Amino acid sequence: MQAKKRYLTLLSAGTCLALLLYLGGVQLRAARAPRRAAPPGSSRHGPGAERPWPRFPDALRPFAPGPEGGGGARVSPRQRRDASAGLYRGRRCRMESCFDFALCQKNGFKVYVYPQQKGEKIAESYQNVLAAIEGSRFYTSDPSQACLFVLSLDTLDRDQLSPQYVHNLRSKVQSLHLWNNGRNHLIFNLYSGTWPDYTEDVGFDIGQAMLAKASISTENFRPNFDVSIPLFSKDHPRTGGEKGFLRFNTIPPLRKYMLVFKGKRYLTGIGSDTRNALYHVHNGEDVVLLTTCKHGKDWQKHKDSRCDRDNTEYEKYDYREMLHNATFCLVPRGRRLGSFRFLEALQAACVPVMLSNGWELPFSEVIDWKQAAVIGDERLLLQIPSTIRSIHQDKILALRQQTQFLWEAYFSSVEKIVLTTLEIIQDRIFKHISRNSLIWNKHPGGLFVLPQYSSYLGDFPYYYANLGLKPLPTFTAVIHAVTPLVSQSQPVLKLLVAVAKSQYCAQIIVLWNCDKPLPAKHRWPATSVPVIVIEGESKVMSSRFLPYDNIVTDAVLSLDEDTVLSTTEVDFAFTVWQSFPERIVGYPARSHFWDNTKERWGYTSKWTNDYSMVLTGAAIYHKYYHYLYTHYLPASLKNMVDQLANCEDILMNFLVSAVTKLPPIKVTQKKQYKETMMGQTSRASRWADPDHFAQRQSCMNTFASWFGYMPLIHSQMRLDPVLFKDQVSILRKKYRDIERL
């Protein structure tokens, strides 16, 4: 009986297997059989033909309405990909396959901008982009020295309905003799595609060129090749830009509103789903999400039942007031993935809550956005309020502070956006000295930390606390000499002896910028530390800030030849600097002010209750600033300093304050400094020039124009030794000699 059951089971299994093989063979033969083209007017699904999946006449309609004007067919994802095929023929491009590194090995990272062609109009935004490149240290006018090429043809707005759209761009680009299928080219773009689908097609074949593109999707973004940039308006400043709005830290860091948004609501087309659903989250109290239908030419044709109510609510709130009084700002996608709300939220210290699935966030290659934003999901909109309410106050404060750093470091101007793009590309080319994540995401940021100086963070003055380090306990004195040595009683020799007696002095460098020959060795006084005399090759003023290899200490004591300082003053100033290694610490202070009558910046040397500069005639700072002065600042500013033989100390103060966002530090007042120096000045000294003061006024405004803002910061702080002028015995005071001056 059991044998019979086993027999029937095997028979059934065999029958099923044979049936499956038969059916599979029929389908396989049908798939392999060549199909003939159907005759015109005939159906491809005749009797016996294999039918595809049926199309039901009552299929569910999509939630979003059709395109404006009606009649527009819905575009499938495949059709969208095919539409942008021209843009992404180089989809697999990476630096290793579509970039010629050999062009960058000889002359370094140099960028060439094509000359503007006659008759070609360039929008103001793209002019700002090109001006930022041409004003940078990367620019070269010689294409044979270039590593990277940028078109002068305006590629920012590639929306065919835009008045800024450049026609026939395909043929114009192909006619460029250096195009080379886009190899080593960078294309900037803010807008691409048009109604109704807003694809990412820029309208011409970019070949092997890199894209610096706003609103780029992760699907089309080519990692470590393209650069995602933010969407910025035509009013975005070219240089400088406004500071962030976080003036002080409030504890707890909560504002009037928890979450806000105010913007357009698209009734039809792409980008409408998320904004159409915001009313579900709006509560009119601490979550205020406002939308309006009132935009576009024919919005009334498509208005829905909520439009009138939404428009009324929309008009009740002032956008700026909401922005400055909100803890979180919703940044939903618009027609494209990017939105102006992103930069607006960053500047306002309003933590961005991103709702734009698939958007490659700006500079995501180097910026850790989790430290400054909340990355949401459009499909989980209803969970956003509970999610942000669960964030701890300490975390909220850290997020807000990071928004301010990122805004001021990379986004406050077109120039910073462009330079960040170029620095990212440079890091890819020279990987062995590229910046790490800490540099990009911590003050002062990647634009001011030049990896060519050093690949070790401990060589920069900004990371000692992070690394648990301290600067070296000695300094190098650099004395700038411009007058011949004719007497053993000259101030420069007295200064040299006083500095050499400092317990912190490692060596003294005398920079001989005098037209007379170098004095004989026996003319210099004997000291306990090495004295190195360097004859300036060009004998220009900026040479005092060259990054000399002879400087082996972290600290530099910069001195004019006619400075009068005691050993005690030198020791105290260096002790103070060790606690503030990223700032200028010194004695002679000056200040700036805004002259309303002349509508320009003014310079004053009067004794006042505040200051914004410490002159480098008697100041200590980190040696990295020599490198930054030489390699970061443009040649135009340094040439101006050299031609005037003036203002180099002002320019150094501008630079350090721009980097640190902090004022210098003045140490114990020495009221006789200016008078003593002026009284002992030789006829050749620049202080005796009657035009000296007027030149410094002019320098202030030229420097402020290049930086795009006034980086100098006023301070009312002066650091004195403990027990300074206290009513105690002089023997108890460490720096007692300072009081006897």
Side-chain angles (χ1 to χ4, degrees), residues 77 80-112 129 133 138 143 146-151 155 158 170 173-174 176 178-190 192-193 199-230 337-338 358-369 410 417-437 439-441 446 451-452 455:
R80 282 198 295 269
R81 287 195 297 270
D82 292 343
S84 59
L87 170 62
Y88 295 103
R89 289 177 184 172
R91 179 184 294 275
R92 296 183 180 180
C93 269
R94 298 296 183 269
M95 295 295 290
E96 294 77 12
S97 58
C98 296
F99 192 89
D100 186 358
F101 289 87
L103 296 180
C104 311
Q105 299 304 321
K106 183 178 180 181
N107 300 302
F109 187 68
K110 294 295 182 182
V111 184
Y112 173 76
V129 170
I133 298 174
F138 303 121
C147 165
L148 190 67
F149 300 82
V150 176
L151 303 178
T155 58
R158 301 302 298 155
R170 185 191 305 269
V173 170
Q174 295 296 332
L176 299 174
L178 297 173
W179 175 242
N180 192 25
N181 193 31
R183 201 170 183 85
N184 286 52
H185 280 67
L186 176 65
I187 295 172
F188 287 89
N189 176 253
L190 293 181
S192 61
T199 66
E200 297 177 30
D201 183 11
V202 295
F204 67 98
D205 183 10
I206 66 171
Q208 297 180 346
M210 291 180 285
L211 273 175
K213 181 170 172 49
S215 306
I216 191 170
S217 65
T218 54
E219 179 184 9
N220 290 322
F221 181 76
R222 295 168 293 182
N224 296 316
F225 192 71
D226 293 331
V227 179
S228 176
I229 63 175
L337 293 173
W359 182 23
E360 188 72 25
L361 294 179
F363 306 137
S364 56
E365 183 175 336
V366 296
I367 293 179
D368 182 5
W369 283 109
Y410 307 120
I417 294 172
V418 171
L419 291 181
T420 303
T421 301
L422 298 180
E423 293 282 10
I424 289 174
I425 296 173
Q426 182 182 217
D427 276 4
R428 295 172 183 169
I429 298 170
F430 304 102
K431 289 184 178 180
H432 60 291
I433 55 171
S434 61
R435 304 163 182 82
N436 59 29
S437 179
I439 293 176
W440 283 107
N441 292 280
Q452 294 80 9
S455 58

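These numbers were taken from a predicted model, which means no experiment stands behind them. The analysis underlying the following values was restricted to heavy atoms, covering all of them including side chains, and did not include hydrogens, waters or symmetry mates. All residue numbers refer to positions in the sequence shown, counting from 1.
- With hydrogens and angles ignored, the 3.5 Å screen pairs no side-chain donor or acceptor of Glu200 with any backbone N or O of Asn220.
- Lys213 places none of its side-chain heavy atoms less than 4.5 Å from the side chain of Phe188.
- No donor-acceptor pair closer than 3.5 Å links the side chain of Arg158 to the backbone N or O of Ser192.
- Looking at Asp226, its side chain never comes within 3.5 Å of a backbone N or O of Met210 through a donor-acceptor pair.
- Across all their heavy atoms, Leu151 and His185 have their closest contact at CD2-CD2, 4.1 Å.
- In this structure a side-chain-to-backbone donor-acceptor pair under 3.5 Å is present from Asp201 to Gly203.
- Contact check for Val227 versus Thr420: no side-chain heavy atoms found under the 4.5 Å cut-off.
- Taking CD1 of Ile206 as the start and CG of Asn181 as the end, the distance is 10.0 Å to the nearest 0.5 Å.
- In this structure, the side chain of Thr199 does not engage the main chain of Gly193 through any donor-acceptor pair within 3.5 Å.
- Remark: the backbone N or O of Ile439 is paired with a side-chain donor or acceptor of Asn436 at under 3.5 angstrom.
- Separating the CH2 atom in Trp179 from the CG atom in Asp205 is a distance of 7.5 Å, to the nearest 0.5 Å.
- Here the SG-CZ distance, from Cys98 to Arg92, works out to 11.5 Å after rounding to the nearest 0.5 Å.
- For Tyr410 (side chain) and Ile367 (main-chain N/O), no donor-acceptor pair under 3.5 Å exists by modelled atom type.
- Using a 4.5 Å heavy-atom cutoff, the side chains of Thr421 and Leu186 are in contact.
- Considering every non-hydrogen atom in both Asn189 and Thr155, the closest pair reads ND2-O, 3.0 Å.
- Salt-bridge formation is detected for the pair Lys431/Glu96: a Lys NZ or Arg NE/NH1/NH2 atom is positioned less than 4.0 Å from an Asp or Glu carboxylate oxygen.
- Between the CZ atom in Phe138 and the CD1 atom in Ile425 there is a gap of 10.0 Å [rounded to 0.5 Å].
- Heavy-atom minimum distance, Arg170 versus Phe204: CA-CB, 3.8 Å.
- Taking every heavy atom of both residues into account, Gly338 and Ser215 meet most closely at N-OG, 3.0 Å.
- Judged by distance alone, the side chain of Trp369 and the main-chain N or O of Pro362 form a donor-acceptor pair under 3.5 Å.
- In terms of heavy atoms, Trp440 sits closest to Ile424 at CH2-CG1, 4.1 Å.
- Using a 4.5 Å heavy-atom cutoff, the side chains of Arg222 and Arg94 are in contact.
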ask   = Going through the distances and angles, do Asp100 and Arg183 end up as a salt bridge (charged side-chain N to carboxylate O under 4.0 Å, His left out)?
value = CA-CA 7 Å; Asp100 186 358; Arg183 201 170 183 85; 5.1 Å; no

query = Would Phe109 and Leu422 satisfy side chain to side chain contact (heavy atoms under 4.5 Å, CB included), going step by step from the backbone distance to the final call?
reply = CA-CA 9 Å; Phe109 187 68; Leu422 298 180; 4.0 Å; yes

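- For Asn441 (side chain) and Val366 (main-chain N/O), a donor-acceptor pair under 3.5 Å exists by modelled atom type.
- Atom CZ of Phe363 is separated from atom CG of Asp368 by 15.5 Å, given to the nearest 0.5 angstrom.
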task = Before giving the answer on side chain to side chain contact (heavy atoms under 4.5 Å, CB included), spell out for Trp359 and Thr218 the whole-Å C-alpha distance, their side-chain angles and the decisive distance to 0.1 Å.
result = CA-CA 6 Å; Trp359 182 23; Thr218 54; over 6 Å; no

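- Residues Ile187 and Val150 form no side-chain contact, since every pair of their non-hydrogen atoms from C-beta on lies 4.5 Å or further apart.
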query = Does the salt bridge (charged side-chain N to carboxylate O under 4.0 Å, His left out) test come out yes or no for Arg428 and Glu365, once each step is laid out?
reply = CA-CA 11 Å; Arg428 295 172 183 169; Glu365 183 175 336; 2.5 Å; yes

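- In this structure, Pro451 and Asp427 have side chains that are in contact, with non-hydrogen atoms separated by less than 4.5 Å.
- Note: Phe221 CZ to Glu360 CD = 4.5 Å, rounded to the nearest 0.5 Å.
- Looking at Cys147 and Tyr112, their side chains never come closer than 4.5 Å, going by heavy atoms from C-beta outward.
- Between Gln452 and Ile433, the closest side-chain pair of non-hydrogen atoms falls below 4.5 Å.
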